[in-house]
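Hydrogens, waters and symmetry mates play no part in the numbers below; they use all other heavy atoms, side chains included.
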Amino acid sequence: MMLQSLRYSWLIPFILLLSGCASTARFPDNPPLVTAKPAVLPKASESTLLLLTISGGGSRASAFAYGVLEALRNSPASDQAGSPSLLDKVNMISAVSGGSIIAAYYGLHGDKLFSGFREDFLEQDVRDELRERMLSLENLSRLSSTTFGSGDILDEYLREKLFDDHPISELFDEQGPIVIINATDLFKGSRFGFTPELFSLICSDTEQFPVARAVAASSAVPLIFTPIILNNRAGSCNYPTPTWIQQGLAEKTVNPRRHRLARSWDLYLHQAEHPYIHLLDGGLSDNLGLRAIMDQVIIHDGLVNTLKSQALGGIQRIVLIKIDAAASLPTEWEKAPDHPPQSVILNAASTTPLRNYNFETKDYLHSQMSTWLQQNDDSPDCQDTSSCQLELFFIDINLEDATEQLNGMALSTIPTDFNLPENGAEKLIQAGQRLLIQHPEFRRLKRRLNIQ
């Protein structure tokens, strides 16, 4: 989450009070869906399903993830001449907040990431440019409107600088991995994934909804940015209620996790009571990006059923690379009896629950792995146990494990913001590359794939 950005944003409401005239500016609408469309399924090459998750953390998260993606690009997928890279084999990316920026950029532009992203984003002082935009006379007028806010200015910046008007449907086409951008539904407290399934549920068209607006929602830090608002038109496009929602609503005691997920989706179907959806930073509900994957397993009641539902029954190994650029809590204030500044208190108070929730998410995932493997081995489809053995490779790339430093300080202490200190991007990229290459599970994967 970005808590130190736009340090003068508190001036905006004061200036607007002085202006005395409210604008009629309004956020751009999300176009309606006339006919629901089938979801595009992730495609797995050969027998390996390769999944990536990228955490929040502003520009720090994007730079750290850049290093991991570059290391994957430099790793061939086999020992054959002309082999594609492991990055080419990625099937799906789930990303949050700062991680969603690089994920969406790669989803749209592919290998152009490595020739353009540093200049377009990592080397820019995005924080200062956003502040200048918000304090311009034109935008000060628009910001006086109750239906237009700083989140919409972030959307405009991302369209102009990174994503143009590319729609989110392009993140689900066959030109690359599926990319899921995750935000948080402010008043439901649940994860909101910009996916064909959820957009069909609210009868909104993915072919006309900009990637930039989805990324703005995923990155809209509370108190800094206003929510990104969508119209909920559920019930207007003849989209049938998914069976799992009906099943989950009846499973409060036998399957509480699916019941909770079903309830959050079912609320959208009560359109008259929930005509608008307010979206903020995805880190509020899942700062790791793991929940998009875990929710699918919960929805389908197990890994085996999930793979079958996605026509991935022939998968022999699943590779999950989790890129976590979480910030470290400040420690220098523990050495003095003084009251820390309010900004420090706010940063620590928001970081602590995120870190605790991150731990619980990872712990739940690890605790379920043995169960998922057992389910696969016990599947009726597995007549020959040796051919049905499913391997899981969990590659946890954590910025806190980096030994690289910047000005004598750990890289995880770089503030969560939309700019980086001098040499910060290079150090973060180096750390991401090294941590992946040296990770024991990554080395085991390369041996399994006969990669030198």
Side-chain donor or acceptor of Ser83 paired with backbone N/O of Ala77 under 3.5 Å: yes
Interatomic distance, Leu52 atom CG to Asn91 atom CG [nearest 0.5 angstrom]: 10.0 Å
Distance (rounded to the nearest 0.5 Å) between Ser219 OG and Leu154 CG: 6.0 Å
Test item: Arg260 and Ile298 side chains (from C-beta on) under 4.5 Å apart, heavy atoms: no
Heavy-atom side-chain contact between Val319 and Leu86 under 4.5 Å: no
Salt bridge (charged side-chain N to carboxylate O under 4.0 Å, His left out) contacts in which one or both residues fall within residues 209-225, not counting sequence neighbours: Asp152-Arg213, Asp155-Arg213
Donor on one side chain, acceptor on other, Ser97 and Asp281, under 3.5 Å: yes
Salt-bridge present (Arg191, Asp286; N to O < 4.0 Å): no
Gap separating the CG atom of Asp111 from the OG atom of Ser85, nearest 0.5 angstrom: 7.0 Å
Glu119 backbone acceptor or donor facing Gln124 side chain under 3.5 Å: yes
Residues which pass side-chain contact (heavy atoms from CB on, under 4.5 Å) with Leu198, listed by chain and number, not counting sequence neighbours: Phe192, Thr195, Leu201, Trp265, Tyr268
Close side-chain approach of Leu411 to Phe64, heavy-atom, < 4.5 Å: no
Student check: side-chain heavy atoms of Tyr105 and Val215 closer than 4.5 Å: no
Ala71 to Ile437 - nearest heavy-atom pair and separation: CB-CG1, 4.2 Å
Main-chain N/O of Gly248 paired to His259 side chain as donor or acceptor, under 3.5 Å: yes
Note, Leu435 side chain near Phe442 side chain (heavy atom, < 4.5 Å): no
Audit row: Ile321, Leu72, side-chain contact (heavy atoms from CB on, under 4.5 Å) steps and yes/no: CA-CA 11 Å; Ile321 302 177; Leu72 287 171; 3.9 Å; yes
Test side-chain contact (heavy atoms from CB on, under 4.5 Å) applied to Arg60 and Leu428, step by step: CA-CA 7 Å; Arg60 183 187 67 245; Leu428 288 161; 3.9 Å; yes
Verdict with reasoning, Arg263 to Ser190, per side-chain hydrogen bond (donor to acceptor under 3.5 Å, both in side chains): CA-CA 10 Å; Arg263 282 193 62 190; Ser190 55; over 6 Å; no
side-chain contact (heavy atoms from CB on, under 4.5 Å) evaluation trace for Thr206 with Phe172: CA-CA 9 Å; Thr206 59; Phe172 294 86; over 6 Å; no
Backbone of Asn231 reached by a side-chain donor or acceptor of Asn30 within 3.5 Å: yes
Value rounded to 0.5 Å, distance of CD in Glu404 from CG in Leu399: 9.0 Å
Mutual orientation of the aromatic rings belonging to Phe117 and Tyr66 [parallel < 30°, tilted 30-60°, perpendicular > 60°]: parallel
Set of residues satisfying salt bridge (Lys or Arg N to Asp or Glu O under 4.0 Å) with respect to Asp88, sequence neighbours excluded: none
Salt bridge flag under 4.0 Å for residues Asp128 and Arg131: yes
Test item: Ile153 and Phe148 side chains (from C-beta on) under 4.5 Å apart, heavy atoms: yes
Criterion side-chain contact (heavy atoms from CB on, under 4.5 Å) on Ser150 and Thr226, from CA distance to verdict: CA-CA 5 Å; Ser150 53; Thr226 54; 3.8 Å; yes
Heavy-atom check, side chain of Asn139 versus side chain of Met134, under 4.5 Å: no
Partner set under side-chain contact (heavy atoms from CB on, under 4.5 Å) for Ala214, not counting sequence neighbours: Ile168, Ile181, Phe194, Phe209
For the student: nearest non-hydrogen atoms of Ser55 and Ala326, plus distance: OG-N, 4.2 Å
Euclidean distance, Ile93 CD1 relative to Leu69 CG, rounded to 0.5 Å: 6.0 Å
Backbone N/O of Ala95 and side chain of Ser100: donor-acceptor pair under 3.5 Å: no
Rounded distance [0.5 Å steps], OG1 in Thr306 versus CD1 in Ile299: 8.5 Å
Set of ring pair (Phe, Tyr, Trp, His ring centres under 6.0 Å) partners for Phe27, sequence neighbours left out: none
Listed partners of Asp29 passing salt bridge (Lys or Arg N to Asp or Glu O under 4.0 Å), at least two apart: Arg233
Thr48-Arg317 side chain donor-acceptor pair, cut-off 3.5 Å: yes
Ala262 to Ile245 - nearest heavy-atom pair and separation: CB-O, 3.6 Å
Lys89 side chain near Pro84 side chain, heavy-atom distance below 4.5 Å: yes
Heavy-atom closest pair, residues Ile101 and Ser62: CB-OG, 4.0 Å
Residue pair Ile54 / Ala103: nearest heavy atoms and the distance that separates them: CD1-CB, 4.2 Å
Cationic N near anionic O, under 4.0 Å, Arg133 to Glu156: no
Check: Ala25 main-chain N/O paired with Ser145 side-chain donor or acceptor under 3.5 Å: yes
Any donor-acceptor pair under 3.5 Å from Asp205 side chain to Pro31 backbone: no
Shortest non-hydrogen contact from Leu420 toward Ala63: CD1-CB, 4.0 Å
Stepwise salt bridge (Lys or Arg N to Asp or Glu O under 4.0 Å) test for Arg118 and Glu426: CA-CA 10 Å; Arg118 287 198 191 196; Glu426 191 61 36; 2.9 Å; yes
Donor-acceptor pair, side chain of Ser94 and main chain of Leu290, under 3.5 angstrom: no
